[in-house]
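Below: the structure, in structure tokens.
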Amino acid sequence: MGSQIETVDFISPLVLTLLSAPWLLYFFSKLIKQLEHSRINLEEAVSQLERLRKHDVILNRELQNNIRQLNHEIEQRRNAQLERELVFEELEREIKEKSEQEIQARRLSTLTRSIIDASPDLIYYRNEEGRFAGCNRVAEEVTGKTEAELLGLTPHQVYDEQLARQVAASDHEVLETNASLTEELWLQYADGRRRYFEMRKVPFFDQDGHRLGLLAFGRDMTDRKQAESAIAQASKDKTKFIATISHELRTPLNGIVGLSRMLRDTQLTKEQFDWVSTIYASSITLGNIFNDIVDLDKLDRDKVEIDLKTVNMREFTNEISSIVSLLAQEKSLRFKSEIIEPIPIAIEADGTRLRQVLWNLLFNAIKFTQKGEVNLTVEAVDQGAGNAKVTFRITDTGVGIPQGELDKIFAMYYQVDHPDHKSATGTGIGLAICKQMVDKMGGEILLHSVVGQGTCFEIVLPVAISQKQAKLIELQVSNLNILLVEDIELNVLVAKALLEKLGQRVDVAMTGTAAIEMARKTEYDLILLDIQLPDMTGFDVAKVLHEEELVLQTPIVALTANVIKKREEYLQNGMDDIITKPIKKSRVIEVFNELFGEEQKHDEMRQTSEVVSIRKVDKILDVDMLQMLIETIGEDMVRTSLGMFKEKIPEYMELLNVSLAANEKAEVCSQAHKIKGAAGSVGLLRVLQIANRIQEGDHPAWWENVHDWVAELEMAIDKDVEHLLEWVNANKIDD
């Protein structure tokens, strides 16, 4: 670079340039063409690559979507696998549980079957068609067939025809009503034994409420039935014994009371009068003690009845006081009776029961008082509306009752265990009976006592003030022609003397046959009829007298020492009233005045046979309805209706008694309703009224009374159907 530049230096490069320039241009043109071609190829390649890239993007996107889908499917399959595993686990658990349940069910089934077979009760079940579907071992023993042999059989193929009809009928009723049913029946075992079963039948359903048939459970009640029969027989024997003793004891007691009473009215020395008075008071005491025994039996059977009648307060108090004063005199005690005015002239009360209560309390007061006095005070408080509260106060100066014994004194058979009480003994039933009697009369007994000072009993009794004129102690009728039917001479002597002293004429018959013959020959004003006669009962005599129409105008009054029977039973057997033995003058006067003294003239009371007949018939028959029926549908249809009633009523009564024995109150009321309707359709008024009482199941004392009502219903049906036939025969209407 630092040398001097020559011309050649310029020419050489120029020649070289000229020589090489075409080749270079050619080379460069080729090169440019090649480059252009390469560029085009490159562009095509780039374009292809771009297309490939886009396609790859699309493929990549699709691949990613496929991967995601695959992943999702994998996840779903994984979840499905987990679910399947869970399902398999759950299925395995369920299978295991079901297996355990089946094992448990088999165990329970075996246990249940063992229990059912071990049960002493008879158990079977029947399907809707009434065929046996299963039973237990007791049922197999009863029928003599295995369960396999019983399957598919009907009751008619297993039991005798009568029992099969009964069983099938009750099964049908259960399936018809979808209600349970209880019945009692005798079943005969295959070995010939007969046992008494109480069967309970119920419909049974599946879990969806579809009825499958009925289940029957039978309990062997033979021992209970025999025990009940034994108890009933023992009760009957006890009642019969008391009734017999009542008759046997009251017969001599009647003579003692009657003759001693009449003897006191004769001329006697003071000493003789005292002796006779002692006999009289002692016999009255014996009679009242026996009344306690009789009432104890009645209370045991819940047969005590409260019979309200008009009681003259002053006469009632004086009558009790006169007898108690005799007992007080024997012990040298003072006795004072006081009536605090004002008191009602007469009240409505059961004089017999009230007299018995007061007698027990007064007798105890005298028994436990060694010195001093015994007092009876009577007072009353008017409560308005025709009611009063009467208080009988009995005080003594006796030994008294310890405070710790006061709440026990009214218990049955209880006696105070105290040295001061050893001087007097008793049965321990008097005060208990007093308490129950007063309770039945709606009153209360109050007691106050101090040991060594005395005792005070107060009987507070709510009563109705009688609107009737108080009965007079004087007899209002005389010169009656009376037939006295009595087989014991002592009783004849006492009764005849008493009646003649009261101004009556008396004929005597010693047998029932003689009484009937005398009634055929003579029309008497009154027949006094003993119930126990040597040849027939007084009821039989009364039946003959009524059938032969010998007493259309003559009242019959029963003379009886049997205080067990109810007064209603005597009235239903043809009596107009009763007089119990020993015969009391006051009772004779009361009955005579009721029968004859209320009419101004004797003839007005005994006008025609229709009057007497209507008086009795109206109580038991709906005469107006019967007359209407005869006039409208005719006598024949009435007889047909009565025949249908007689045919159906045993079935109704049997169902009623079975329901009552099973304590099925609703069914008892239902059957009573049927009986009421049937009785009403044939005019049996009394039967209708009794059935109506039974059907009223909401009565507060229904269970306490229903057994008595059913017994009364059975008695009324037996008697009143006969009365109805007699009435229809006597009231024929010519067409």
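Taking every heavy atom of both residues into account, Met575 and Phe539 meet most closely at CE-CD2, 3.7 Å. What you find for Lys367 and Lys331 is that their closest heavy atoms are O-NZ, 3.3 Å. Shortest non-hydrogen contact noted between Val687 and Ala679 is CG1-CB, 3.6 Å. Considering every non-hydrogen atom in both Leu362 and Val374, the closest pair reads CD2-CG1, 4.2 Å. Residue Ile366 comes nearest to Ala328 through the heavy atom pair CD1-N, 3.9 Å, listed as atom of the first residue, atom of the second, then distance. The heavy-atom pair separating Ala464 from Asn387 by the smallest distance is CA-OD1, 3.8 Å.
Between Leu656 and Ile675 the shortest side-chain heavy-atom distance falls below 4.5 Å. Side chains of Val668 and Trp709 form no contact here, defined as non-hydrogen atoms less than 4.5 Å apart. Side-chain atoms of Thr317 and Leu376, non-hydrogen and from C-beta on, do get closer than 4.5 Å to each other. No side-chain heavy atom of Phe316 sits less than 4.5 Å from a side-chain heavy atom of Ile347. Ile717 is not listed as a side-chain neighbour of Tyr652, based on a closest heavy-atom distance of 4.5 Å or more. Looking at heavy atoms from C-beta onward, Val311 lies out of side-chain contact with Val463 at the 4.5 angstrom threshold. Proximity of Phe457 to Asn360: side-chain heavy atoms (C-beta onward) are nowhere separated by under 4.5 Å.
Once rounded to the nearest 0.5 Å, the distance linking CD1 of Ile589 with CD of Glu594 reads 12.5 Å. Atom CD of Glu379 and atom CZ of Arg393 lie 4.5 Å apart (nearest 0.5 Å). For the atom pair Ile482 CD1 and Ile527 CD1, the distance stands at 11.0 Å (nearest 0.5 Å). With rounding to the nearest 0.5 angstrom, the CG atom of Asp720 is 7.5 Å from the CD1 atom of Ile690. The distance from atom CG of Leu354 to atom CE of Met437, rounded to the nearest 0.5 Å, is 11.5 Å. Here the straight-line distance linking atom CD1 of Ile578 with atom CG of Asp576 works out to 12.0 Å at 0.5 Å rounding.
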Inset, instruction - Would you please test Glu341 and Arg314 for salt bridge (charged side-chain N to carboxylate O under 4.0 Å, His left out) and show each step? - result: CA-CA 11 Å; Glu341 299 289 352; Arg314 194 172 298 278; 2.3 Å; yes
Inset, instruction - I would like to know whether Ile459 and Val438 meet side-chain contact (heavy atoms from CB on, under 4.5 Å); could you show each step before the answer? - result: CA-CA 8 Å; Ile459 300 171; Val438 172; 4.2 Å; yes
Inset, instruction - Report the C-alpha distance between His546 and Ile556 in whole Å, list the side-chain angles of each, state the deciding distance to 0.1 Å, and finish with yes or no for side-chain contact (heavy atoms from CB on, under 4.5 Å). - result: CA-CA 10 Å; His546 282 292; Ile556 301 177; 4.0 Å; yes
Inset, instruction - Would you sort out whether Asn692 and Gln695 count as a side chain to side chain donor-acceptor pair (under 3.5 Å), showing the intermediate values? - result: CA-CA 5 Å; Asn692 185 59; Gln695 79 161 4; 3.0 Å; yes
Inset, instruction - Decide yes or no on side-chain contact (heavy atoms from CB on, under 4.5 Å) for Phe596 and Gln476, but give the supporting numbers first. - result: CA-CA 8 Å; Phe596 302 101; Gln476 300 176 19; over 6 Å; no
Legend entry - Worked verdict on Leu502 versus Phe592 for side-chain contact (heavy atoms from CB on, under 4.5 Å): CA-CA 11 Å; Leu502 292 174; Phe592 280 27; 5.6 Å; no
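Distance alone, capped at 3.5 Å, is enough to place a donor-acceptor pair between the Gln403 side chain and the Ser449 backbone. Using a distance-only test at 3.5 Å, with no hydrogens or angles considered, no donor-acceptor pair links the side chain of Lys435 to the main chain of Ile445. Judged by distance alone, the side chain of Lys665 and the main-chain N or O of Gly697 form a donor-acceptor pair under 3.5 Å. In this structure a side-chain-to-backbone donor-acceptor pair under 3.5 Å is missing from Asp577 to Val557. Of the possible donor and acceptor atoms, none in the side chain of Ser670 sits under 3.5 Å from a partner among the backbone N and O of Ala666. Proximity of a side-chain donor or acceptor of Asn657 to a complementary backbone N or O of Met653 within less than 3.5 Å is detected. The closest donor-acceptor contact from the side chain of Thr554 to the backbone of Tyr524 lies under 3.5 Å. Between the side chain of Thr391 and the main chain of Ala380, no donor-acceptor pair closer than 3.5 Å is present.
Side-chain N/O atoms of Asn318 and Glu315 include no donor and acceptor closer than 3.5 Å. Side chains of Lys336 and Asn375: a donor-acceptor N/O pair is absent below 3.5 angstrom, by distance only. The closest side-chain donor-acceptor pair between Asp525 and Gln504, if any, does not fall under 3.5 angstrom. Remark: the Thr397 side chain and the Gln453 side chain contain no N/O donor-acceptor pair separated by less than 3.5 Å.
More than 12 heavy atoms of other shown residues, nucleotides or ligands fall within 6.0 angstrom of atom NE2 in His723.
Ring geometry, His707 versus Trp703: the interplanar angle falls from 30° to 60°, so the pair is classed tilted.
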